[in-house]
Amino acid sequence: MIDHGATERRILKTELRWAVFVGFLVLMILGAIVYAGISMHINPPSNREFIDPKTLHLSGEFTEANLGTSVDTDGQVTTRVIATQFSFVPQCVVVPANRTVTLRFASPDVIHGILVSGTNVNTMVVPGYVSQVHTEFTRTGDLLMPCHEYCGFGHSQMLATVRVVPPEQFRPGPDGKVTCG
Amino acid sequence: MASIAANDALPVPAAAPAAGEGLRSRRLVLSHFWLAFAAFLIACVLGAWQMWARSPLDAPAHTASNYFRSVTLHGVAMAYVLSTFFIMGFGYFVAETALGRPLKWLKAGWWGFWIGVVGVLMAALAVISGKASVLYTFYPPMTATPWFYIGLVLVVVGSWIWCGVMIAEMSFWKRDNPGQAVPLAMFATVANAVMWLWTTVGVAAELLFQVIPASLGWTQMVDVGLSRTLFSWTLHAIVYFWLFPAYIAFYTMAPREAGGRLFSDTMGRLSFILFLLYSLPVGMHHLFMDPEHSSGFKFLQMVLTAFVSVPTLLTVFTIAASLEIAGRMRGGKGLFGWVAALPWKNPMTLATGLAFVMLFFGGGGGLINMSYGMNAMIHNTSWVTAHFHLIFGGTVVIMYFAIAYAIWPSLTGREFASLKRVRWQLWLWFIGMMVMTIPWHGLGLEGQWRRVAAFDYTDPIIATWGPWVIVSLIGGMILLVSAVLLIWNLLPAGLGRRTVQVYRYAEAVHPPGRVPAALNGFALWNVLVAVLMLAAYGWPIAQFFADPPPQAVIHHMDRGID
């Protein structure tokens with residue numbers, strides 16, 4: 001005679017043991033993410049900061065004079081870029097290596113997105129919001145900054161350059177601005 | 001575990017229904033499958049051309065507008081037509097064969113089918129005309145011709161009818177068989193129908209309240225953050241909608257096809273319930289890189305996303321254990337001897353093995369995608385394209401093939417002329433998918449971005465990607481060959497001698513007699529889904545009304561192209 005109750009219990013026990021292992025695995029993964037988030041400040045670029053896409057170029061932070069990289073009086077480096085069909089304004093930005101840089105983006109038209117090749121810089125640029133990423137570039141040289149979200153037929157041509165220069169070559173002009181030219 | 005198969009005499013399977021009785025839904029099932037596979041073949045041709053266009057080689061007819069028209073059609077055909085029609089067709093088959101009685105609401109099924117067909121034609125013509133190159137994920141404030149969206153809404157309406165038929169057939173059966181456990185294949189199919197009704201709420205709201213009024217010119221502005229949030233509601237759960245048939249095959253078909261038993265029926269029910277619960281409140285992981293949501297809700301949905309890996313990990317274990325039973329019953333010995341003893345010539349067994357390999361790579365990539373911070377490394381790069389091609393195009397679609405192969409003889413009354421050609425088709429699909437997606441993973445890590453019609457290979461960074469793009473193009477060509485083989489296998493030309501077969505599902509080691517009501521229906525689980533959705537999406541959606549952001553001007557992609 002075969003005891004079906006016994007096999008059923010054995011199956012249940014095996015499954016439960018595996019379920020506990022799976023639960024442990026998932027908690028480990030979550031633990032690693034939380035640890036990275038807290039200790040290494042690896043967090044998503046959340047930034048509920050509104051800007052009107054219809055008027056952003058007319059006044060305020062994203063007017064022509066404010067675009068590109070500028071250093072304010074306490075030495076904070078901020079790079080402002082407009083992502084628009086189908087280019088970035090400006091097309092090239094300079095940033096210093098090994099210094100915290102704040103990148104700020106806005107779109108006057110449709111959804112765009114950016115990444116900087118070889119780095120973890122990545123954000124969507126959604127009309128209505130200022131997207132913001134804090135980062136520190138460690139490698140010098142010209143990096144690609146493409147639009148990575150479909151924004152129309154010209155999407156493939158939408159590509160900018162991020163020029164990372166050694167700190168000693170990063171010299172702001174009297175207006176605090178640094179340009180590629 | 002090993003001793004279960006070796007020592008115990010297993011219960012005798014229930015008697016199969018009388019052979020020779022044709023399925024009432026035979027034509028309905030076949031119509032769905034053929035529409036699905038026709039769309040699939042066209043989409044494969046387009047996919048291969050798109051990879052050619054992105055490579056350093058010169059592709060014919062290569063313009064940006066052709067490229068995005070092609071990507072839109074590829075996405076719509078694969079994500080909305082292949083998946084939806086395959087799932088509906090398979091659902092009707094399961095309802096009739098697993099419940100062992102003719103479909104009561106057959107006519108409703110035909111209504112759903114024809115409404116879907118009208119929708120597919122409307123959407124397809126809109127895309128071909130060049131007035132709907134907005135990809136299958138829409139991207140307002142860009143809008144296409146209204147015909148595109150209305151066509152897709154009709155496809156969804158057709159699928160809602162299917163959901164109604166599935167739920168009705170199960171409740172009729174339960175009424176007639178009080179206290180009996182609903183057969184697992186049907187239980188899972190209804191779980192999917194219930195989940196799909198929840199899933200479509202997000203995209204339906206986006207289309208009906210935001211996108212269609214905009215595309216008709218009734219509104220001039222749109223809240224983009226809200227539209228992205230509503231689409232994210234649908235965007236992850238839809239993937240599980242596609243995935244369900246593969247898991248149904250793992251649990252209820254593969255164990256028997258391999259010559260064994262399902263290790264645990266209860267674990268199957270639990271996994272399908274977990275999918276219903278955790279597929280939905282997780283869509284915001286597609287918005288990790290978006291500005292419009294706080295890190296808190298992103299974190300909450302990331303945790304819930306981690307939980308959705310649980311049913312998959314349970315499934316991998318249960319199915320591996322079921323296959324081990326089969327392998328040992330066939331005389332396999334030792335720690336891994338049972339693997340070699342499995343009937344790898346059986347298409348379902350082969351497909352299950354290959355699907356698991358792709359699931360391993362695709363699922364591993366998925367864990368990286370869901371990791372909140374690491375997502376920044378790969379968001380909108382080829383890595384993501386690789387991930388969902390492996391999971392959906394690989395694991396899921398190869399199981400669609402396997403399901404079609406398994407039930408084709410009972411639908412057509414003919415055997416396959418060459419099982420060898422069937423196996424070739426499965427192997428080529430697997431090889432093509434691996435060759436295509438492994439370079440994509442690497443390129444994604446190097447920053448190759450998505451949705452681009454052409455790359456400038458004169459750029460020194462991009463130039464180094466060229467050879468790998470060509471490798472993945474070769475993978476794409478292999479996939480195209482496999483797609484053509486599939487159609488050949490399924491057409492009358494690929495079929496052989498006549499046969500009378502009634503499809504039988506896998507029995508569990510311990511067939512469920514009675515199961516608790518919670519494991520035999522969805523009332524309780526619907527309440528829990530509502531609670532989870534309220535927690536995960538309540539405020540993230542309400543915030544757009546409580547504190548409205550500036551809206552964006554509609555960009556009509558369909559105007560000025562005549």
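Proteins get letters first, then strands, A, B, ... in listed order; numbering begins at 1 in each. We use all heavy atoms of the structure for the numbers below, so side chains are in, but hydrogens, waters and symmetry mates are not.
- In this structure, the portion of A:Leu159 lying under 4.5 Å from any heavy atom of chain B is its side chain and not its backbone.
- When each of A:Lys54, A:Gln132, A:Glu149 is checked for heavy-atom pairs under 4.5 Å with chain B, A:Glu149 comes out on top.
- B:Phe68 and A:Phe153 have parallel rings, their planes meeting at less than 30° on a 0 to 90° scale where 60° marks the start of perpendicular.
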Run the numbers on B:Glu292 and A:Met124 for side-chain contact (heavy atoms from CB on, under 4.5 Å), then give the verdict. CA-CA 10 Å; B:Glu292 73 269 13; A:Met124 297 301 299; over 6 Å; no
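- For the pair B:Trp449 (side chain) and A:Ser117 (backbone), a donor-acceptor distance under 3.5 Å is absent.
- Considering only heavy-atom pairs separated by less than 4.5 Å from chain A, the leading option among B:Met302, B:Arg450, B:Met374, B:Glu446 is B:Met302.
- Note: A:Glu15 leads A:Glu15, A:Met40, A:Gln85 in heavy-atom pairs under 4.5 Å with chain B.
- The main-chain N or O of B:Val452 is never found under 3.5 Å from a side-chain atom of A:Ser156 such that the two would form a donor-acceptor pair.
- Ring geometry for A:His148 against B:His379 counts as perpendicular: the plane angle is over 60°, on a 0 to 90° scale with 30° as the lower cut.
- B:Leu314 is listed as a side-chain neighbour of A:Trp18, based on a closest heavy-atom distance under 4.5 Å.
- Contacts between A:Ala36 and chain B at a heavy-atom distance below 4.5 Å are absent for every atom of the residue.
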Would you sort out whether A:Ser46 and B:Lys298 count as a side-chain contact (heavy atoms from CB on, under 4.5 Å), showing the intermediate values? CA-CA 9 Å; A:Ser46 303; B:Lys298 289 177 182 174; 2.9 Å; yes
